[in-house]
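Note that the structure is predicted; figures quoted are calculated from it, not measured.
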Amino acid sequence: MKSHYPKNGRVILHIDCNAYFASVEIANEPSLEGKPVVVSGNVKRNGMVIAANYVARGFGISTTMPLWEAKQKCPNLIVRQSQFDLYRETSSEIFQYLTSISPLTEPASIDEAYLDITDAWELGTPMEIAERIRTEILERFKIPVSIGISTCKVLSKMASDMQKPLGITVLRKRDLPSVIWPLPVNELHGCGKKTSEKMNSIGIYTIQDLAKADDYKLKTTLGKNGSLLKNWANGVDERPVDKDAAYDYKSIGNTTTLEKHSSEEITLVEVLERLSKSVSKRLSNKRVVGGTIQITIRYAEDFKTITRSRKLTNPTSDQKEILHYAILLFRKNWSGDVVRLLGISLHQIEQQKDSTKQLDLFSFEEDAVKYEKKEPLTKAIASLKEKFGDQTIRTGYDLLDNQRKDFKTGFNATDSGN
């Protein structure tokens, strides 16, 4: 398989979820499949379309169109209220899946990601890997994706736009003169309306014009951005796929798909316990805390997914606190039906050092004294664990917890975040 990969270059995929918000709604409600569906932040007549599936687009419906106009074009149009928590959670699950293909996965937006598969040749040819990703995302998450394959980010991004939905496009550097250069300059990724207007003012109308443009003219008109865009027009883009680039810690979480679906509360609470430990460890490793906790429940029978959240009194990374609130949310919102997936995530992430506890008016002095006494011990334990490992010092709770787990039977789950 290695012969299908360049000796010195890279192979980068761009994965683009098609009609993402609408696709998530359909995945969450399979009876909508094949029907015209749009998503709106305001489902009243004066609302606006923020996403439309391809069936709806066939009636001439597009994003930013007023709902009243969309309904005139398609009287049978189905309108769904936006559920951004669900879209974020589904996005997180898809990105976690992509990291199983390549750890060099960079989310570019809620519905797009880059993958560097240069070292993933053992999984097959680039086309075989792309086909596998397309198939598995559709089967697992019911979300259609289009994929671009190229040697750099900008070309793979442009390639993924060429065949939608569910298309796979290979774009090589040698294809530029025939495929990319004839396009209007505003179709180059990264070239917005104002930038293209500035280019038009100096005689640059096509991507080929830009690829061959005078450097001095470009710099005078666009500054440093001019040489960057000229490089992109020539298929030169040195940006690496950076797995940490998009992680400004807006949220940190884990999801688990149960290999054996369950409606046993004790089993499901054990899954939440495992997830809370995983999330707590990730928060602690990054030295951050979260101010809002969210749980995700996906049911086995109809794949219906719900997300519920609550704001915490104080931001936390503590495993016991995370578990406590996760169980509260779960018990309040679980229907009792068979569950196939659970997730916990913390949102409103901030640096631990920047976090301030909201002290109670009547107990702030007691809290301050407790913190002052506990801080040296906490630091000493953290230092020992960092030097000698997590098992160096354990609480009595942890030891009892391990003994209890020795007697567990019948539990088997896969944590997709590990």
Side-chain donor-acceptor pair present, S160, H14, cut-off under 3.5 Å:
yes
If we ignore angles and hydrogens, is there a donor and acceptor under 3.5 Å between the side chains of Q348 and T292?
yes
Going through the checks in order, is the side-chain contact (heavy atoms from CB on, under 4.5 Å) test met by V11 and I129?
CA-CA 11 Å; V11 179; I129 293 174; over 6 Å; no
side-chain contact (heavy atoms from CB on, under 4.5 Å) between R80 and E29: does it pass, once the steps are laid out?
CA-CA 11 Å; R80 286 290 179 264; E29 194 176 340; 3.0 Å; yes
Note: I349 and G290 closest approach over all heavy atoms is CD1-CA, 3.8 Å
Hey, are Q83 and E25 close enough side-chain-wise for a donor-acceptor pair under 3.5 Å?
yes
SB check E265 R331 (cutoff 4.0 Å):
yes
Could you tell me whether the side chain of Q163 and the main chain of I168 form a donor-acceptor pair under 3.5 Å?
yes
So, are E33 and K142 salt-bridged, with charged N and O less than 4.0 Å apart?
no
Give the intermediate values and the outcome of side-chain contact (heavy atoms from CB on, under 4.5 Å) for residues V79 and K71.
CA-CA 9 Å; V79 182; K71 288 179 178 177; 3.8 Å; yes
Do D116 and T118 get their side chains close enough for a donor-acceptor pair, meaning under 3.5 Å?
yes
Answer yes when E93 and R140 have at least one side-chain N-carboxylate O distance shorter than 4.0 Å, and no when they do not.
no
Paired with L312, the side chain to side chain contact (heavy atoms under 4.5 Å, CB included) test is passed by just one of V289, L346, I322, namely L346
D16 and K164: salt bridge (charged side-chain N to carboxylate O under 4.0 Å, His left out), yes or no, with the steps?
CA-CA 9 Å; D16 188 353; K164 289 186 176 182; 2.8 Å; yes
Within the side chain of R308, is there an N or O that forms a donor-acceptor pair under 3.5 Å with the backbone of T296?
no
Main-chain N/O of I110 paired with S91 side-chain donor or acceptor, under 3.5 Å:
yes
Quick one: does S82's side chain have a donor or acceptor within less than 3.5 Å of a partner on F84's backbone?
no
For the pair R239 and D237, find out whether any cationic side-chain nitrogen is under 4.0 Å from an anionic carboxylate oxygen.
yes
Just by distance, do the side chain of S280 and the backbone of S276 share a donor-acceptor pair under 3.5 Å?
no
Look at the side chain of D337 and the backbone N and O of Y299, then say whether any donor-acceptor pair between them is shorter than 3.5 Å.
no
Looking at every heavy atom in both E89 and T255, which two are closest together, and how far apart are they?
OE2-CG2, 3.2 Å
